[in-house]
Amino acid sequence: VQTESAGSQTSIKVIVRIRPQNQIEMQNNYKTVVKVVDDKMLIFDPKEDQNPFFYHGVAQKGRDLLKKQNKELQFVFDKIFDVTSDNSDVFEGSTKDLICNLLDGYNCSVFAYGATGAGKTHTMLGSDEDPGITYRTVAELFSQIEKQSEQREFNLGVTYLEIYNENVQDLLHKSGPLHLRDDGRCGVIVAGLKIITIQNAEELLTLLAKGNKNRTQHPTDANEESSRSHAVFQVYINITNRLDGQVRQVKLSMIDLAGSERASATGCKGARFKEGANINKSLLALGNCINKLADGAKHITYRDSKLTRLLKDSLGGNCQTVMIANITSSSFSYEDTYNTLRYANRAKKI
Ligand code: ADP
Ligand code: MG
């Protein structure tokens, strides 16, 4: 067994979420290539046991000769959510703890990473029955703000934008492409992006629904193309200390990243390929930042993509980051799962 041990740092929490297998994966006798050992450890591509794996109580006999590589790689993460977890469990074990840091004045960011179909949007947005962690996190934020309202006054504004083809578009307000501008005091700002004030988490649900209608492809489309854009939701909080009148601003960023599958794997050509290449540009730049941060490098290049420029003040330093790596356990997505686990494993060292 090749062990990948956990880093000792605290500024990034890396979480893996495994979605239930879908109809196609179940029906076609694919192998299960992710074996969960406990809530922190999993084995990717385990050696065949004498006993078959059980999936939802059903023995998995499927032999997938082409995929039979048996890397037997052991990974350790801060937390692993198995197929039985719902968004409430994921929220409790991931972003709930961020709120304290946020209200203490540290920017926080949350990423959903993974290939198309791996469960990113389900995790971030969820459904009416099981709202995603974006809503749950903001609801918790309001509940904690309530408790502190005698000492401090809070004002919340949200923005929701999309990065598609390295173009930035406001999802809450019809706009042309928006430009990023370096503002000495405030860091990078999106010129013309509308900040909408909200008073409670329910207003957020309305805004998210509105924003999703404006996305280049609706994020819940089964269509593969639905995952070529990054959806960036941000909450700006102005905190005024009632005693001395001091004001500070903090920011929470929650990002449903574009699918991490490589452009080549989707057979992209021409215009399509450009989309893929640009997605890779932002994802690649994010990966490079993460690598640099993991290496403890002094100089981090945020300038390489729209996504990293936008998140310059929300990555590294005193910022708290949660990365949720979404995977499926089916050998159908062997390469995607392997790549996602490696990416997540790298991030862990920050
Ligand atoms: P992505 O955004 O990564 O492309 P989605 O979140 O759209 O993937 O998920 C693909 C499909 O799988 C959707 O139909 C979604 O409802 C379903 N799905 C994803 N994760 C889960 C989960 N944890 N439990 C149940 N269904 C899920
Ligand atoms: Mg999606």
Side-chain angles (χ1 to χ4, degrees), residues 15-28 30 32 34 36 39 42 55-56 77 79-95 110-136 160-164 171 208-209 211-233 254-263 265-266 268 275-276 279-280 282-283 286 307 322-330 332-341 343-344:
I15 284 154
V16 170
R17 184 182 198 181
I18 308 165
R19 74 152 164 75
Q21 294 198 5
N22 62 29
Q23 249 2 49
I24 296 167
E25 292 166 338
M26 304 265 266
Q27 280 166 2
N28 285 285
Y30 290 106
T32 297
V34 178
V36 177
D39 73 335
L42 62 78
Y55 184 80
H56 282 195
F77 296 102
K79 184 99 179 141
I80 295 168
F81 290 100
D82 210 340
V83 296
T84 52
S85 304
D86 59 16
N87 283 333
S88 163
D89 299 323
V90 175
F91 162 68
E92 294 282 338
S94 64
T95 58
V110 182
F111 296 95
Y113 183 91
T116 298
K120 298 179 298 296
T121 303
H122 180 82
T123 298
M124 300 306 277
L125 278 182
S127 56
D128 289 344
E129 306 81 56
D130 187 17
I133 64 170
T134 302
Y135 168 77
R136 291 174 190 276
Y160 195 23
L161 63 82
E162 175 183 73
I163 304 175
Y164 181 74
L171 290 174
L208 284 176
N212 291 330
K213 283 210 194 77
N214 288 331
R215 280 190 71 173
T216 303
Q217 276 88 23
H218 195 274
T220 54
D221 277 356
N223 193 329
E224 277 206 357
E225 286 168 40
S226 66
S227 285
R228 292 182 191 281
S229 68
H230 308 278
V232 182
F233 174 77
M254 304 192 78
I255 300 123
D256 184 350
L257 291 167
S260 58
E261 61 276 0
R262 286 156 302 157
T266 53
C268 298
E275 289 180 2
I279 283 166
N280 281 349
S282 269
L283 270 184
L286 180 66
L307 183 66
V322 172
M323 159 91 64
I324 304 175
N326 295 270
I327 58 172
T328 166
S329 60
S330 168
F332 179 70
S333 305
Y334 186 97
E335 285 299 325
D336 286 337
T337 300
Y338 182 43
N339 288 332
T340 297
L341 288 172
Y343 189 97

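Numbering of ligands and ligand atoms starts at 1, following listing order. When a residue number appears, it is its place in the shown sequence, counting from 1.
Contact annotation: N326 has no heavy atom less than 4.0 Å from any atom of ligand 1. At a 4.0 Å cut-off, not a single heavy atom of G259 sits close enough to ligand 1 to count as contact.
Here's the thing with H122: one of its N/O atoms is less than 3.5 angstrom from an N/O atom of ligand 1. Considering backbone and side-chain N/O atoms, G117 comes within less than 3.5 Å of an N/O atom of ligand 1. In terms of polar-atom proximity, defined here as any N/O pair under 3.5 Å, T121 does make such a contact with ligand 1. The shortest N or O to N or O distance between G119 and ligand 1 is under 3.5 Å. The shortest N or O to N or O distance between D256 and ligand 1 is not under 3.5 Å.
The line from CG of N87 to CD of E92 is 12.0 Å long, rounded to the nearest 0.5 Å. To the nearest 0.5 Å, atoms CD1 (I327) and CG (L42) are separated by 6.0 Å. T328 contributes atom OG1, which lies 10.0 Å from atom CG of D336 (distance to the nearest 0.5 angstrom).
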Discussion item. Between N326 and T123, is the side-chain hydrogen bond (donor to acceptor under 3.5 Å, both in side chains) condition met? List the steps.
Written reply: CA-CA 9 Å; N326 295 270; T123 298; 3.1 Å; yes
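Interface of A115 with ligand 1, defined as ligand atoms under 4.0 Å from a residue heavy atom, comprises 3 (O). Per-residue contacts place R17 under 4.0 angstrom from the following atoms of ligand 1 (heavy atoms of the residue considered): 23 (N).
Between Y343 and Y113, the two ring planes are parallel [angle under 30°; tilted spans 30° to 60°].
When the heavy atoms of E261, K120, R19 are ranked by distance to atom 3 (O) of ligand 1, first place goes to K120.
Screening S330, S329, S333 against Q21 for a side chain to side chain donor-acceptor pair (under 3.5 Å) leaves a single residue, S329.
One of the N, O or S atoms belonging to T121 lies under 2.8 Å away from the Mg ion (ligand 2).
If you look at S85 next to ligand 1, there are no close heavy atoms at all, none under 4.0 Å.
Remark: N214 engages K174 in a side chain to side chain donor-acceptor pair (under 3.5 Å) (not counting sequence neighbours). Applying the side chain to side chain donor-acceptor pair (under 3.5 Å) test to D39 and every residue at least two apart in sequence or in another chain returns K79.
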